[in-house]
Amino acid sequence: MPNKTEKPGLDIHPIVFGVSAGLIIAFVAWGAIVPENAANVLGEILGAITGNLGWFMIGAVALFLVFCLYLVIGPYAKVRLGPDGSRPDYSYGTWFAMLFSAGMGIGLLFWGVAEPIFHFADAPREASESMAAAQDAMTLTFHHWGLGPWAVYAVLGLSLAYFGFRHDLPLTVRSALYPLIGDRIHGPIGNIVDIAAVLGTMIGVAVSLGLGVMQVNAGLGYAFGVEQSVTVQVILIAVITLAATISVVTGLDKGIRILSQTNLLLAGALLIFVAAAGPTLLLVSAYFENLGGYVANFVDVLFWSGAYAGEDTSAWLEGWTIFYWAWWISWSPFVGMFIARISRGRTIREFIMGVLLVPSLVSFLWFTVMGNTAINAELTGAIDIIGPAFEDSSFAMFAMLDGLPLAGITTIVAMFVIVFFFVTSSDSGSFVIDMLTSGGNPDPPVATRVFWAVSEGLVAAVLLIAGGGAAALDALQAGAVATGLPFTVVLLFVVAGIIKGLRSERDGIAMSDIPAEPFITREASPPVTEPDAEEPSTTAGGPTEWDPPR
């Protein structure tokens, strides 16, 4: 019989919680006591990974996307993430709002203007500040925020929802590996996988929180002349983490859902205002042309790894594409777990189509409105955005808003949106980490959720302190890449687990009867006793129900 601590529903998993908390506390102490050493080590890690293993991450993300497309059109598209008769817990509107707010909110605010402007002013494939550079800037931005990132999220989210809701395994990352390693998910291998997921989630969320406070600080500087400094940013982290902690205490249905919907309304209002105050007709045309450019260049940019490019292009890929892929992968335990938690009852096709397309199309709209408005202002000479953006990327959004009507009001609204995204990200992140460290409990205890919310704020503060002002962004990038690479390997095993699990279900093989992979010796399982009740039924859309060991 498995150890009791491995069962879902327990308050705490002592090994996963203890080791994860210990490593995070050690990291916080390291960064706080010797920030220069932390900055140097993080920088060396960033350079080593992006310079030598970037191709691996690019290939992995491409594989995840191809796998998602196969599931949409393949024989498993109608399998439900739950019992065959189950239906979704949330409406489409609420579902989209929750997954979108948790997925990329702060990043959209931070990079909505900055990234297109950077690619336009320092173009990697075209003459800088030309019309061709403007179009390519949007293609590359769409590439970094489109189907690739959401495929990463979809792979892990699908696996967690499939094994957790359809086959009643704990809602933790280790469950995705059951078809590969059997009962060993309850041992050291499973613990290592869940600890890696906790660390990835912690760093991924902390990176976003760091970006968020850098931008809030920039907005306060534009609106009220507040100093741009790490000290101010650490104070902001403390204040906003307190708000996130309050949200954590209220729970999923109250705190996260209400904040997500409110924030979506505020972000939508800001988007509509910029579209109306900016070059409206140009933006309508640009949205469709940007989509066309993305589709036309999709395969090219998806596999672009700089093999035939010079050192400048390779450095560009390391600083942008490879960093993004590592960031998304480090975020995948968080976003994957969260969207799994809110996606019970949906079919595989519905899940993947929703997760891939809806957030991507909304992100494309956001970048078109913000990015094309900024690029048009530069091309016409109406606003100088390149200068502030290259001085500090946190300034880019506010420099663009400063050139539009009602700049004071929109700057404040933008800061509120960032703060709310901060709160929902921290709230959702602590919720997910607590699920991982409580053995898969879908309603983890409040006390430990508060602990993880505070920890996220501390890790974000340490990364900012280690970076020290201008280099803070480099430290945040290094943290994301350092956790993203090892979890890429975990995700590849997750894909293999999904494939084997779906095939076994199709063939009517019980999970307990799936043979372990030859490279792992599986512990012996007790014989399965046939129940006296009637045989589990099969339906056109679902095969025999599995009976996994708990």
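Residue indices begin at 1 and follow the sequence shown.
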Side-chain heavy-atom pair [X], [Y] within 4.5 angstrom cut-off:
X      : Y      : answer
Tyr178 : Asp183 : yes
Val301 : Phe142 : no
Leu458 : Val454 : yes
Tyr162 : Ser159 : no
Leu209 : Glu456 : yes
Val198 : Val16  : yes
Phe493 : Leu180 : yes
Val19  : Asn191 : no

Main-chain N/O of [Y] paired with [X] side-chain donor or acceptor, under 3.5 Å:
X      : Y      : result
Arg174 : Ile185 : yes
Ser175 : Pro170 : yes
Arg166 : Arg80  : yes
Glu318 : Ala315 : no
Ser20  : Phe17  : no
Thr368 : Phe364 : yes
Gln215 : Ile418 : no
Trp366 : Leu108 : yes
Trp328 : His144 : yes
Asn290 : Thr139 : no

Output the distance between atom [atom1] ([X]) and atom [atom2] ([Y]), rounded to the nearest 0.5 Å.
X      : Y      : atom1 : atom2 : result
Asp194 : Ile189 : CG    : CD1   : 12.5 Å
Thr437 : Ile195 : OG1   : CD1   : 10.5 Å
Met202 : Ser330 : CE    : OG    : 12.5 Å
Met435 : Leu160 : CE    : CG    : 8.0 Å
Leu356 : Leu361 : CG    : CG    : 10.5 Å
Leu317 : Ile58  : CG    : CD1   : 6.0 Å

Is Asp84 salt-bridged to Lys78, going by a charged N under 4.0 Å from an acidic O?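 No salt bridge links Asp84 with Lys78.
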Considering all heavy atoms of both residues, which atom of [X] and which atom of [Y] are nearest to each other, and what is their separation?
X      : Y      : value
Ile342 : Tyr90  : O-CD1, 3.6 Å
Trp150 : Ser360 : CD1-OG, 3.6 Å
Gly210 : Ala460 : N-CB, 4.2 Å
Gly157 : Ala340 : O-CB, 3.3 Å
Phe165 : Leu81  : CB-O, 3.4 Å
Ala154 : Val355 : CB-CG1, 3.9 Å

Are the aromatic rings of [X] and [Y] close, with centres under 6.0 Å apart?
X      : Y      : answer
Tyr294 : His143 : no
Phe367 : Trp111 : no
Trp316 : Trp304 : yes

Side chain to side chain contact (heavy atoms under 4.5 Å, CB included) assessment of Phe487 paired with Leu156: CA-CA 11 Å; Phe487 206 76; Leu156 190 57; 3.9 Å; yes
I would like to know whether Thr347 and Val79 meet side chain to side chain contact (heavy atoms under 4.5 Å, CB included); could you show each step before the answer? CA-CA 5 Å; Thr347 65; Val79 173; over 6 Å; no
Under a 3.5 Å cutoff, is there a donor and acceptor pairing between the side chains of Trp95 and Ser343?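 Yes, Ser343 and Trp95 have a side-chain donor paired with an acceptor closer than 3.5 Å.
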Going by distance alone, is a donor N or O of one side chain under 3.5 Å from an acceptor N or O of the other, for Trp145 and Glu115? yes
Output side-chain donor-acceptor pairs under 3.5 Å for residues 61-75, partner residues at least two apart or in another chain, one line each.
none

Check whether NZ of the Lys or CZ of the Arg Arg346 lies under 6.0 Å from the centre of the six-membered ring of Tyr92 and within 45 degrees of that ring's axis. yes
In terms of the angle between their ring planes, are Phe323 and Trp327 parallel, tilted or perpendicular, with boundaries placed at 30° and 60°? parallel
Would you please test Met57 and Leu485 for side chain to side chain contact (heavy atoms under 4.5 Å, CB included) and show each step? CA-CA 7 Å; Met57 303 191 79; Leu485 177 66; 4.2 Å; yes
Is there a salt bridge (charged side-chain N to carboxylate O under 4.0 Å, His left out) between Arg125 and Asp300? Walk through the geometry before answering. CA-CA 12 Å; Arg125 309 198 301 178; Asp300 180 33; 3.2 Å; yes
Would you check, one step at a time, whether the test side chain to side chain contact (heavy atoms under 4.5 Å, CB included) holds for His13 with Ser438? CA-CA 5 Å; His13 188 296; Ser438 63; over 6 Å; no
